[in-house]
Protein chains: 2
Amino acid sequence: MSDDGARKTPDRLRRRASRLLSQLTMRSDRLINEGLARADGRKWHYAVLASLQEYGPGSQAELSRRSGIYRSDMVGVVKELAERDLVERVPDPDDRRRNVITISVRGRRRLRHLDRILDDLHDELLAPLSTAERDQFLQLLTRLLDHHTRAS
Amino acid sequence: MSDDGARKTPDRLRRRASRLLSQLTMRSDRLINEGLARADGRKWHYAVLASLQEYGPGSQAELSRRSGIYRSDMVGVVKELAERDLVERVPDPDDRRRNVITISVRGRRRLRHLDRILDDLHDELLAPLSTAERDQFLQLLTRLLDHHTRAS
DNA sequence: GTACATCGTTAGTGGGACTAACGCAACGGA
DNA sequence: TCCGTTGCGTTAGTCCCACTAACGATGTAC
């Protein structure tokens with residue numbers, strides 16, 4: 001950003017929800033990415049590990065669907081996770097197109113770790129809000145997102 | 001996105017404010033960009049025109065600071081606006097490093113037009129929320145953004 | 001068997017934030 | 001008056017991310 005100091009951001013801009021969202025998301029993404037990076041973590045790793053933990057093993061394509069990561073990008077994510085022994089990738093004997101991805105013990109431990117890191121980072125992200133306000137914020141975001149997800 | 005149908009998005013993911021923000025912002029950006037594109041408009045055009053309207057003429061560097069657009073990107077934006085006769089770009093006689101950018105009559109009309117378009121698009125974006133909830137949402141976003149802007 | 005869909009993979013697109021470095025002009029001291 | 005610093009506009013290029021296209025191999029349906 002470069003609009004520090006004499007903040008002359010026009011009102012029209014400052015008031016638009018779309019702009020508030022992009023700006024805040026930019027900061028939020030930076031905060032989370034940097035926070036995770038400090039622990040050699042990435043958002044995508046977290047997403048995949050969480051998906052494996054909550055819904056069990058699955059093919060890359062299925063992980064894709066669960067996590068919203070494109071299957072073209074999933075290749076690299078799974079590779080990185082496998083390199084770190086957080087996940088096992090085994091060809092599916094029943095369907096030779098598929099790899100079955102399974103979370104490892106290290107993977108579960110790692111997920112717990114990332115969860116703690118994310119808790120802290122979100123505390124920082126939502127710092128100015130009270131507990132009630134945080135809930136409200138989440139609720140509003142969820143309703144909006146749900147609305148635009150169904151509509152898509 | 002690709003997580004339609006059987007929504008198996010893990011809870012951990014669905015609940016994180018950071019993720020809600022990115023996802024919603026992605027939809028929001030698409031909505032706004034496509035809406036503006038239908039009228040041959042762009043976010044950046046709006047930002048610059050709004051800044052000129054509210055604070056008067058300025059150099060490209062100053063517009064940069066007002067709008068948060070990088071001065072390297074401002075070059076192209078001003079060029080596009082000038083091509084459409086929405087602004088005038090004149091060398092500053094008092095400081096030969098500068099161009100003075102001024103909004104034209106067409107520019108003002110265009111800004112009003114874009115404002116109407118954006119009003120509609122934001123109505124769509126915030127559709128599921130009541131008026132009170134929209135205010136609250138904006139207020140929460142603003143507080144969060146302010147907090148993370150000062151801290152930067 | 002033949003058409004079609006799905007899987008993993010590679011490559012590449014397009015947009016947006018952001019950096020580096022340039023030549024030029026202005027400003028602020030010694 | 002020269003000199004270092006700062007600000008300007010511009011060009012080029014980086015990185016990240018969502019997303020598309022196309023591929024060969026495999027599975028499924030008719």
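Numbers restart at 1 for each chain; the letters A, B, ... are given by sequence-line order, proteins then strands. Because the structure is predicted, anything quoted here is derived from the model rather than measured.
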- request: To the nearest Å, give me how far apart CE (B:M74) and C1' (D:dG7) are.
  value: 16 Å

- prompt: Think A:R65 has a side-chain N or O under 4.0 angstrom from the OP1 or OP2 of C:dC7?
  reply: yes

statement: Atom CG of B:N33 and atom P of C:dG16 are separated, to the nearest Å, by 6 Å

message: In whole Å, I'd like the distance from the CG atom of A:L63 to the C1' atom of C:dG8.
response: 12 Å

- prompt: Does A:R30 place a side-chain N or O at less than 4.0 Å from the phosphate oxygens OP1/OP2 of C:dC18?
  reply: yes

- prompt: For C:dA26, does OP1 or OP2 lie under 4.0 Å from any side-chain N or O of B:R96?
  reply: yes

task: Determine yes or no for a side-chain-to-main-chain donor-acceptor pair under 3.5 angstrom, with B:R66 supplying the side chain and B:S51 the backbone.
output: yes

message: Taking the minimum atom-to-atom distance to the side chain of B:S72, which one of C:dA25, D:dG27, C:dA20 wins?
response: C:dA20

query: Considering only C:dG16, C:dA25, D:dG9, which nucleotide approaches the side chain of B:W44 most closely?
result: C:dG16

- request: Please state how far atom CD in B:Q60 lies from atom C1' in D:dG7, giving the value in whole angstrom units.
  value: 13 Å

- prompt: Can you check whether A:Y70 has a side-chain N or O nearer than 4.0 Å to OP1 or OP2 of D:dC19?
  reply: yes

Rounded interatomic separation in angstrom, taking CD from A:Q23 and P from C:dC18: 9 Å

query: How long is the line joining CE of B:M26 and P of C:dG16, in whole Å?
result: 14 Å

task: Round to the nearest Å and state the distance from B:I69 atom CD1 to D:dG9 atom P.
output: 14 Å

task: Could you check how far NZ of A:K79 sits from C1' of C:dT9, rounded to whole Å?
output: 12 Å

message: Once hydrogens and angles are ignored, does a donor-acceptor distance under 3.5 Å link the base of D:dG7 to the side chain of B:R97?
response: yes

message: Can you confirm whether B:E88 is buried at CD, in the sense that more than 12 heavy atoms of other residues, nucleotides or ligands lie under 6.0 Å from that atom?
response: no

query: Do A:R89 side-chain atoms and A:V78 backbone N/O form a donor-acceptor pair below 3.5 Å?
result: no

- request: Looking at every strand, decide which applies to A:R71 at a 4.0 Å heavy-atom threshold: base, sugar-phosphate, or nothing.
  value: base

- prompt: Any side-chain heavy-atom pair from B:K8 and A:R65 closer than 4.5 angstrom?
  reply: no

message: Can you confirm whether A:H45 sits close enough to A:R110 that some side-chain heavy atom of one is under 4.5 Å from a side-chain heavy atom of the other?
response: no

query: Less than 3.5 Å between a donor and an acceptor, one on the side chain of B:D73 and one on the base of C:dC18, is that the case here?
result: yes

